[in-house]
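What follows is a single structure, written as C-alpha cells, with notes after it.
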Amino acid sequence: MFDVIIVGGGPAGLFLACELRLAGARPLVLERRPEPDPADKAHGLAGQVVRLLDNRGLLERCGGRGAPVPAPGFFFGGMPLPLHVLGSDNPMYLLPVNQRDLERVLGERAAELGAEVRRGWDVLSFSQNDDQVDVVARGADGIETTFTTRYLVGCDGGHSLVRRQAGIAFLGTSDDNVVDRTALIGPSDRFRFAPGGRVVIEGLGEIPAHFHRTERGVFTLLAHDPERPLVNTAEWEDHPAGDFPGPGAPMTMAEMEDSVERVLGVRLPLTAPPEGAPTLLRRQCGRNSRLADRYRDGRVFIAGDAAHVSHGPTLNLALQDAANLAWKLAATLQGWAPEGLLDSYGSERHASGERVLMHTQAATALMAPGGDVTALRLLFAELLGHTENLHLVAALLAGADVRYDMGEEHPAAPTGWFVPSLELTTGDGHARRLAELLRDASPLLLDLTGGNDLAATAEPWNDRVRRVTATAADVAPALLIRPDGYVAWAGADPDSLKAALTRWFSPG
C-alpha cells in the first residue's frame, strides 16, 4: 500500500511528490503521458511562489541567480505597475522559466528524493472507504491494475477525472467571446526589441512589448528567446472559430498574421521558428474561471488545475497547493496531526483560489475593447498613482494578500503571512539566509530571543519541530514556521508558543 497516490505528473503532481518525500511519506505518481509534455505552456512564475522554490533550493536549478530580488515592474490588466516605488515593501518576485524546464527540474528532484513516478498509466476509476482508496489504472500494455493507497490526490488538470468521480462541483463562468492566439515565431527585420520592454514595429512605431491594447484587441511580443519570440493576441469575437484539436480548424501562421493586423492595423509578416526549435501555434476560444467548491472528499483531495482554472497564474497557485497539502498529509500518516489539520488545506487554499479568480477576471475586463473600458483604465491608472493602492494590487498579484487564520485572537505580525526574507546570524556564528534553513521542509522554531525559555517550552516537540537560534534585525523575537513557509506564531511568550505548537503539531 502506498501512502499517497498522485494522479498527474505535471508541475503540481511532481512538486507534491517532492514535498511528501521531504516529509517522510511514500508517494506514487501515475501520469498518463508516456513522456514529458513538450508543449510550450507557461513561461514563468510570479509572486511568493518564487520564494517558495528558493526555500527548497530549486530557484537556481530553474534558472534563478542567488536570492530572489523584487521585480521593478509588472502588469495588471495590461497596465504597467511601477513596483520599484514600493522599495522593500514590494512583494512581487519573477522567475522566467518555461513549464517544460520546470517539469524537468521537478522530475529530477523527485527522482533524487526517491519518489516513484510511473508514466503511461491512465487512471480509470477509484473507490474509497474509511481506511484506504483503491485506484484502477491501465498501463501502456493495456492491462488494468488496482493500486491501494491511504490517500489519493488529483493533480490531473482542469478536466480532472478525480474531481468528477469524487462529485466535487467545479463552479464558475466562461467568457466564450475572448479568443487568444499564440505562436512562436522566427526573427524578423520588420520588428526589433528596444530598451525598457518595448518593441519597434515597421509601419507602426514603438509600442510596449507587453500588453499593447488597442480598440480592437491586445497585442504582445515577448523575447523569452530572441531566436523564437512569442507573439500573442487577444480579440473579442462574436463568432469564435473554435479551439484545436477540439472543434475548429488547426491554427496557422497566416491566421496569426491576420489577427495581428486586425489588432495593430499593420501587416506584420511572420515566419516559423528556426528548424529544430520548439514550435507553437495555439488558438484558445473562451476563458474559463472555475473553482472547486471543496478540495476534499474523504480520503481524496484535489490540487492545481483540478481545483481551479483561470486565465492567470494558476501554476503559482498549484505549487503552493502542493506545499500546503503535503506536510498535512504526512503528519496524518505519521500519527501526529492535530484534529482538523487536513481540513485546513481546503479552507486555506480555497481562499487563495478565490482571490486569483477575482483578479484574473478583473484583468480581462480591463483589457476589453470599448470606450467605457478605456475610461475605466484611465481611472484605474490614477488610483495606481497612490502607493497604497499600488501595493494592494501588487500583493494581490503576488498571492501575498491572504493571511491564514492561525487560531489566535490577536496574532502578532507576521503570524498568518508567508515568512519574510531574513538575513540571520545563527548560533554557530554563520551568516545565513532564512531560506537556507527551510530546505528540508520541516517545521522550524526560529528563536531570536537569546534565552532558553522557548527551548524548554518546545522540548516536547523536538521530534517534529527543529529549533534554530539566531539573531536578526526588525523581526519578532521568535517565529514558528510551518513547512509551507507560513508563520504559525510570532512572539516571545512561552505559553502562547505552547498553544501554537499544540494547535499545529499536536501535544508533545
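Just the heavy atoms: all of them, side chains too, but no hydrogens, waters or symmetry mates, feed the values below. These numbers were taken from a predicted model, which means no experiment stands behind them. Position 1 is the first residue of the sequence, and the numbers go up from there.
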If we ignore hydrogens and angles and just use 3.5 Å, is the side chain of [X] paired with the main-chain N or O of [Y] as donor and acceptor?
| X | Y | answer |
| --- | --- | --- |
| Gln48 | Gly399 | yes |
| Ser289 | Ser310 | no |
| Arg503 | Glu408 | no |
| Thr415 | Ala412 | yes |

Quick one: does [X]'s side chain get under 4.5 Å of [Y]'s, heavy atoms only?
| X | Y | result |
| --- | --- | --- |
| Val356 | Leu291 | no |
| Val162 | Ile302 | yes |
| Leu30 | Ile6 | no |
| Leu434 | Ile481 | yes |

Polar side chain donor-acceptor pair, Gln361 to Asp175, under 3.5 angstrom: no

Arg228 and Thr279: side chain donor to acceptor below 3.5 Å: no

Decide, yes or no, whether a salt bridge links [X] with [Y] under the criterion of side-chain N to carboxylate O below 4.0 Å.
| X | Y | value |
| --- | --- | --- |
| Arg282 | Asp243 | no |
| Glu35 | Arg119 | no |
| Arg181 | Glu237 | yes |
| Arg267 | Asp258 | yes |

Tell me whether the guanidinium CZ or amine NZ of Arg296 lies under 6.0 angstrom from the six-membered ring centre of Phe301 and within 45° of its axis. no

Under 6.0 Å between ring centres, would you say that holds for His212 and Phe219? no

Please list all pairs passing the ring pair (Phe, Tyr, Trp, His ring centres under 6.0 Å) test where one or both residues lie in residues 276-299, with sequence neighbours left out. Tyr295-Tyr345, Tyr295-His350

Pairs involving [range], ordered by first then second residue, that meet salt bridge (charged side-chain N to carboxylate O under 4.0 Å, His left out) (sequence neighbours left out):
| range | result |
| --- | --- |
| residues 42-58 | Glu19-Arg56, Asp54-Arg433 |
| residues 182-211 | Arg190-Glu202, Arg198-Glu206 |
| residues 345-367 | Asp321-Arg349, Lys328-Glu348, Glu348-Arg482, Arg355-Asp401 |

Which heavy atom of Val402 sits nearest to which heavy atom of Tyr486, and what is that distance? O-CE2, 4.3 Å

If I take atom NE2 from residue His359 and atom CG from residue Leu397, how far apart are they, to the nearest 0.5 angstrom? 5.0 Å

How many angstroms lie between atom OG1 of Thr233 and atom CD of Glu255, to the nearest 0.5 angstrom? 8.5 Å

Could you check Leu390 against Val85 for side-chain contact (heavy atoms from CB on, under 4.5 Å), going step by step and ending with a plain yes or no? CA-CA 9 Å; Leu390 180 63; Val85 305; 3.4 Å; yes

Residues 365-386 side chain polar contacts: donor-acceptor under 3.5 Å, at least two apart:
residue : atom : partner : partner atom : Å
Thr374  : OG1  : Arg213  : NH1          : 3.2
Thr374  : OG1  : Arg213  : NH2          : 3.3
Thr374  : OG1  : Glu215  : OE2          : 2.7
Thr374  : OG1  : Gly370  : O            : 3.1
Arg377  : NH1  : Gly77   : O            : 2.7
Arg377  : NH1  : Leu366  : O            : 2.7

Verdict with supporting geometry, Ser174 and Arg290, side chain to side chain donor-acceptor pair (under 3.5 Å): CA-CA 8 Å; Ser174 298; Arg290 298 194 177 276; 3.2 Å; yes

Not counting sequence neighbours, which residues clear ring-ring contact (aromatic ring centres under 6.0 Å, His included) with Tyr93? List them please. none

Crowded around Asp293 CG? As in, over 12 foreign heavy atoms under 6.0 Å? yes

Please report the C-alpha distance between Gln320 and Ser352 in whole Å, then the side-chain angles of each, then the deciding distance to 0.1 Å, and finally whether the side chain to side chain donor-acceptor pair (under 3.5 Å) criterion is met. CA-CA 10 Å; Gln320 293 177 90; Ser352 294; over 6 Å; no

